[in-house]
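First the structure, in the form of structure tokens, and then the observations on it.
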Amino acid sequence: MEYHPDRNSSADASAKFIEVTKAYEVLSDPIRRAEYDRLRKINEELRKKKQSQRPPTPKQPTTNNQKPKSSPVSQKQKEERLRKLMSVGNVKEAEILARQIVAEDPRSALSYAALGDIARSRGDWKLASKMFAYANQFDPRNDIYLRKHEEMLDQFNRTEISRHKQSNQDGRWVSPVVGTVLTVVAGCFVAMSPEESVFAKGTIVSSWTVGLVSMLFFSGAIMGATLCLADYLDRFEVTTAMGRISPNLLFLLLGVVNLWVAGAIYIVVGGLMRSFSITLSRLMIGLVGVVVILTIGAAGSQAIDPYEVLLWGGSVVSAGALFGWAFGDGLRG
């Protein structure tokens, strides 16, 4: 109140009021206060280490037989490499580099954001929320970090509530089971529908009917929405905190082209990088299950070729899942 602009007309009152307000926001938040204390301890240790070091020896002139030492990699160069590693999905090396940068510069917001994205891909919502909070603390002008922190904190709270309900015999399995039942109903409709194909002969989907396409999209949307509402899927996002396209969205877009190709790429890349997303793994299992159920339904039909459904049905299912996931995420707030 001493420096409040309404009560203090001095020239530096406003700046001091803002400074005090920011300090209060940090110290009143247990997470941010703990990080502030950690940084103070690190800075104190670095200061003592510098004081205990001997003065540097005079630089020796280089001779013809001596090669000048290469200049150390700057913090900016390391962060740029971190961006590239995250953009190509090399999560393992990116995590090592991010932790190295944080050890050298505990105020690197970009490194905390990368660690947040990595924790998010593994389904560790609490750690992701913590990392995004650090990133926002050291780069408060970046609204993305704050939004990601709030999303992950909300996701963590929802998961904890769902686990509590599960202990009370009201588990998260209800929504996916309802989605599976509706998919089976859709498969029965495909098997009994008397419709004729509306596609030209000789095409890869020459036996498909309007009802089949509708059921494929409907089942994909139901599966995406129910998995989302049961908190088996992450929040729907277009870009990550690092500014790259979300791997989840990229997978679904590739699945619209061909689900099996998208799945193969996901397995190969995840195996090489030793990093699998828990959300994508659950979504992949759900979509494959939808395709299998509707393929069985097509096998019971006299007009629809089940092999066409098995090979290309995943494209329509992925498009439906994209819509259902976004819709379900909107419903859960």
Which heavy atom of [X] sits nearest a heavy atom of [Y], and at what distance?
X: A128; Y: G116; result: CB-O, 3.5 Å
X: S175; Y: A230; result: CB-CB, 4.0 Å
X: A135; Y: A113; result: CB-N, 3.9 Å
X: A298; Y: V309; result: CB-CG2, 3.7 Å
X: G220; Y: V290; result: N-CG1, 4.3 Å
X: C228; Y: G328; result: SG-C, 3.6 Å

So how far is it from [X] [atom1] to [Y] [atom2], rounded to the nearest 0.5 Å?
X: E196; Y: Q302; atom1: CD; atom2: CD; value: 13.0 Å
X: E308; Y: L212; atom1: CD; atom2: CG; value: 9.5 Å
X: D234; Y: L283; atom1: CG; atom2: CG; value: 11.5 Å
X: L287; Y: W260; atom1: CG; atom2: CH2; value: 9.5 Å
X: L253; Y: L322; atom1: CG; atom2: CG; value: 6.0 Å
X: D117; Y: S246; atom1: CG; atom2: OG; value: 9.0 Å

Do [X] and [Y] have side chains that get closer than 4.5 Å, going by heavy atoms?
X: K78; Y: Q100; answer: yes
X: V257; Y: V261; answer: no
X: F251; Y: L259; answer: yes
X: I204; Y: L311; answer: no
X: M284; Y: I267; answer: no
X: S121; Y: I278; answer: no
X: V190; Y: I304; answer: yes
X: L110; Y: R83; answer: yes

Applying a strict under-4.5 Å side-chain criterion to I, L, V, M, F, W and Y, I'd like to know whether [X] and [Y] cluster together.
X: W325; Y: V256; value: no
X: L153; Y: F132; value: no
X: I293; Y: M192; value: no
X: V316; Y: V184; value: no
X: V210; Y: F217; value: yes

Can we say E237 and R120 salt-bridge, meaning some charged N sits less than 4.0 Å from an Asp/Glu carboxylate O?
->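 R120 and E237: salt-bridged.
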Lys/Arg-Asp/Glu bridge criterion (N-O < 4.0 Å) met for D139, R107 |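 No, this pair does not count.
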Is a side-chain N or O of S207 found less than 3.5 angstrom from the main chain of D305, in a donor-acceptor match?
-> yes
Determine yes or no for a side-chain-to-main-chain donor-acceptor pair under 3.5 angstrom, with E195 supplying the side chain and T209 the backbone.
-> no
What do the steps show when you test L216 against L294 for side-chain contact (heavy atoms from CB on, under 4.5 Å), and what is the final call?
-> CA-CA 7 Å; L216 286 169; L294 291 180; 3.2 Å; yes
Give me the one residue out of I118, L85, L82 that meets side-chain contact (heavy atoms from CB on, under 4.5 Å) with E95.
-> I118
Identify the residue among T279, N248, L249 that makes a side-chain contact (heavy atoms from CB on, under 4.5 Å) with F236.
-> L249
With S129 as reference, evaluate E150, K148, H149, E151 under the side-chain hydrogen bond (donor to acceptor under 3.5 Å, both in side chains) test and give the passing residue.
->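 Only match with S129 under side-chain hydrogen bond (donor to acceptor under 3.5 Å, both in side chains): H149.
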In terms of side-chain heavy atoms, does E79 have a donor or acceptor partner in S111 at a distance below 3.5 Å?
-> no
Centroid-centroid under 6.0 Å between Y266 and F276 rings = yes
Are the aromatic ring centres of F138 and Y112 under 6.0 angstrom apart?
-> yes
For salt bridge (charged side-chain N to carboxylate O under 4.0 Å, His left out), just list the numbers for E93 and R81, CA-CA rounded to whole Å, side-chain angles, deciding distance to a tenth of an Å, and then say yes or no.
-> CA-CA 10 Å; E93 291 189 21; R81 171 168 169 73; 3.2 Å; yes
Can W208 and V213 be said to form a side-chain contact (heavy atoms from CB on, under 4.5 Å), step by step?
-> CA-CA 7 Å; W208 283 22; V213 175; 3.8 Å; yes
Kindly determine whether M223 and T180 satisfy side-chain contact (heavy atoms from CB on, under 4.5 Å), including the steps that lead there.
-> CA-CA 7 Å; M223 186 58 65; T180 303; 4.2 Å; yes
L27, CG: over 12 other non-hydrogen atoms inside 6.0 angstrom |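 Yes, CG of L27 has more than 12 neighbouring heavy atoms, counting only those of other groups under 6.0 Å.
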Given side-chain contact (heavy atoms from CB on, under 4.5 Å), test L254 with L250 step by step and report yes or no.
-> CA-CA 6 Å; L254 187 57; L250 196 61; 5.8 Å; no
